Structures are given as C-alpha cells and as structure tokens.
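Inspection log for the structure reproduced underneath, given as structure tokens.
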Amino acid sequence: MRVLRILTALPLILALFSGSALHAQSGDMEVDDIVAEMTEALDLSEEQTTEVTHHLQQLAVDMDAATAKAEDEEPDTQQMIGDVKFARETYQKSMQETLTEEQWTAYTAMMDQIFQEIAESIAELRITDLRAPLSLTDDQAEALKPVMGTAVRGVVATIFEYGDKRMGVRTKLAMANKLKKIQADMQAGMNGILTPEQMQQYEAWKEAQKSESG
C-alpha cells in the first residue's frame, strides 16, 4: 500500500510540513498503481475501476493546483489548507458515490488504519529522541507509539480543521481547548506506560526543549 499511503497522507503532510515537501510527493504519485491497489483491496468492478481512476486523476490535478504556490516566499497557508480540504471532500464524495456501502466501509477503515500508521511513524521519531533521556525499554517504546501517534493525528486534524478559518477569539479558544484535550489524553496514556520517575524526566526534557528553541 506504499502509493496509497502517499495519497492519504497529503493533507497530513500539508499540515505538518512545508508545501514544497507535499508538492514533491504529489509529483511522484502514479494513479495506475493506486487504482491497482484499490481494485485488489476493494474488489472493484471494471466500471468502478474506470470511475476511481477518474476520481484520482482529478484529485491529483486539484491537489497540484491547491499547492502550486507552496514554494512562494510567504505562501498563503490558510488558502492552501482550504483548497486541499475542498479537493479532498470532493474526492471523497465522488468515491462514496462510486463504491457500494460495503466497499465504502472497507475503504474508510483502510484509510483510518493508514493514517494511524503514518502518525505512529511520525511519533516514532519523537520516541527515538526520548529513549536515552527516559531510559525507555523496547516494550515501553512500542507501547508509546499508538498513544503518541493518536496525539499526532489529533493535532493534525485540529490544524486541518481550523487552518482555513479566520482566527477570531472564539476560534482560537476552541482550537486551544482541543489541543489541550489531545495533550491531556496523551499524558494520561503515557502515565500508564512510564514510571513516575520517567514522567518527571519527560517533563524536564520538554522544558529543556522549550529553552533550546526559545
């Protein structure tokens, strides 16, 4: 599912990384490969395969247009996120119309699993940084992946949700509250995996990172 992961990761990459990285990834997409993966996974008919090919081709065009100015000196991130959201929503609507109810359920489950795997891969980078300061065991590092991966997904989803909105006081407060909830849930999950001493070390590590970045 390598190519399919690139497709589903586009909004994630946009929210987390620079537009230039997304633009480079989208250029590597091969629609035929994605369609082949979907045809096998969802047991698509010949007619469905033709329609899915069209949907993916249109998505590629729309994504390219949405991120065309990503390499500008001061890109309009708000506009880009809005355009990507619209392209993604249009694609999803088309896919839902093409697939049967059973296929759509399988498709959304597949996308959810892929997003989680991508998020856990990103979280694993942070866990690697924590191994030495917290003296993590291999079991602890493995157990932290879904906890921190879910937090990564939550942060990205929140940025993606609010990224194209005007940031008034209420919007900022709503976004801040969601991010605080995500952080609290992650902390609760970590408390069940790390020892009290390791949690103290984690808090100290975070403060050190803030000082370095400040």
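This structure is a prediction, so every number in the text was calculated from the model and none was measured. Just the heavy atoms: all of them, side chains too, but no hydrogens, waters or symmetry mates, feed the values below. Numbering of residues begins at 1 and proceeds along the displayed sequence.
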Closest heavy-atom contact between Pro133 and Gln201?
-> O-OE1, 3.6 Å
Hey, does Leu56 have a side-chain heavy atom less than 4.5 Å from the side chain of Tyr91?
-> yes
Value for CD (Gln58) from NE2 (His54), rounded to nearest 0.5 Å, stands at 5.5 Å
Using a 4.5 Å cut-off on heavy atoms from C-beta on, say whether the side chain of Thr39 contacts that of Val52.
-> no
For the residue pair Leu125 and Asp129, establish whether any side-chain heavy-atom pair is separated by less than 4.5 Å.
-> no
Going by heavy atoms in the side chains, are Ile159 and Met175 under 4.5 Å from each other?
-> yes
Quick one: CE on Met95 to CG on Leu59, what's the gap to the nearest 0.5 Å?
-> 10.0 Å
For Glu46, does its backbone N or O pair with a side-chain atom of Thr50 as donor and acceptor, under 3.5 Å?
-> yes
Counting N and O atoms only, with roles assigned by atom type, does the side chain of Glu142 sit under 3.5 Å from a partner on the main chain of Asp139, one being a donor and the other an acceptor?
-> no
Rounded to the nearest 0.5 Å, what separation is found between the OG1 atom of Thr53 and the CG atom of Leu44?
-> 9.0 Å
Ignoring hydrogens and geometry, is there a side-chain-to-backbone donor-acceptor pair from Gln96 to Trp104 under 3.5 Å?
-> no
Closest heavy-atom contact between Ala123 and Gly149?
-> CB-N, 3.6 Å
Classify the side-chain pair Glu203/Gln187 by whether it contains a donor and acceptor separated by less than 3.5 Å.
-> yes
Separation between CZ (Arg131) and OG1 (Thr137), nearest 0.5 Å, reads 8.0 Å
Nearest heavy-atom pair of Ala106 and Leu42: which atoms, and what distance?
-> CB-CD2, 3.9 Å
Straight-line distance of Thr108 OG1 to Gln92 CD, nearest 0.5 Å = 9.5 Å
Following the transitive rule for hydrophobic clusters with a side-chain heavy-atom cut-off under 4.5 Å over Ile, Leu, Val, Met, Phe, Trp and Tyr, establish whether Val147 and Phe115 coincide in one cluster.
-> no
Are Ile122 and Leu136 connected in the hydrophobic side-chain network, where two residues link if heavy atoms are under 4.5 Å apart?
-> no
Looking at residues at least two apart in the chain, or sitting in another chain, which of them share a side chain to side chain donor-acceptor pair (under 3.5 Å) with Thr100?
-> Gln103
Any link between Met199 and Leu130 through a network of hydrophobic side chains (Ile, Leu, Val, Met, Phe, Trp, Tyr) touching at under 4.5 Å?
-> yes
Check: Lys85 side chain, Phe160 main-chain N or O, donor-acceptor pair, under 3.5 Å | yes
Considering residues at least two apart in sequence or located in another chain, which fulfil the side-chain contact (heavy atoms from CB on, under 4.5 Å) criterion with Thr150?
-> Gln116
Please walk me through it: do Lys172 and Tyr162 pass side chain to side chain contact (heavy atoms under 4.5 Å, CB included)?
-> CA-CA 9 Å; Lys172 287 181 180 179; Tyr162 291 97; over 6 Å; no
With a 4.0 Å cut-off, would you call Asp83 and Arg88 a salt bridge?
-> no
Consider only side-chain heavy atoms of I, L, V, M, F, W and Y, link residues closer than 4.5 Å, and tell whether Val152 and Trp205 are in one cluster.
-> no
Could you tell me whether Lys178 and Glu161 make a salt bridge, using a distance below 4.0 angstrom between a side-chain N and a carboxylate O?
-> yes
Does Met186 belong to the same Ile/Leu/Val/Met/Phe/Trp/Tyr cluster as Ile118, with side-chain heavy atoms less than 4.5 Å apart forming each link?
-> no
Is there a donor-acceptor pair under 3.5 Å between the side chain of Glu40 and the backbone N or O of Glu37?
-> no
Do Glu97 and Glu51 have side chains that get closer than 4.5 Å, going by heavy atoms?
-> no
Would you find more than 12 non-hydrogen atoms of other residues, nucleotides or ligands less than 6.0 Å from Lys206 atom NZ?
-> yes
Does a side-chain N-to-carboxylate-O contact under 4.0 Å join Lys180 and Asp185?
-> no
Please answer whether the main-chain N or O of Thr98 pairs with a side-chain N or O of Gln48 as donor and acceptor at a distance below 3.5 Å.
-> yes
Could you go step by step and tell me if Asp112 and Arg153 meet the side chain to side chain contact (heavy atoms under 4.5 Å, CB included) rule?
-> CA-CA 10 Å; Asp112 184 74; Arg153 283 187 70 176; 3.0 Å; yes
Once you round to the nearest 0.5 Å, how far does CG of Asp62 lie from NE2 of His55?
-> 12.5 Å
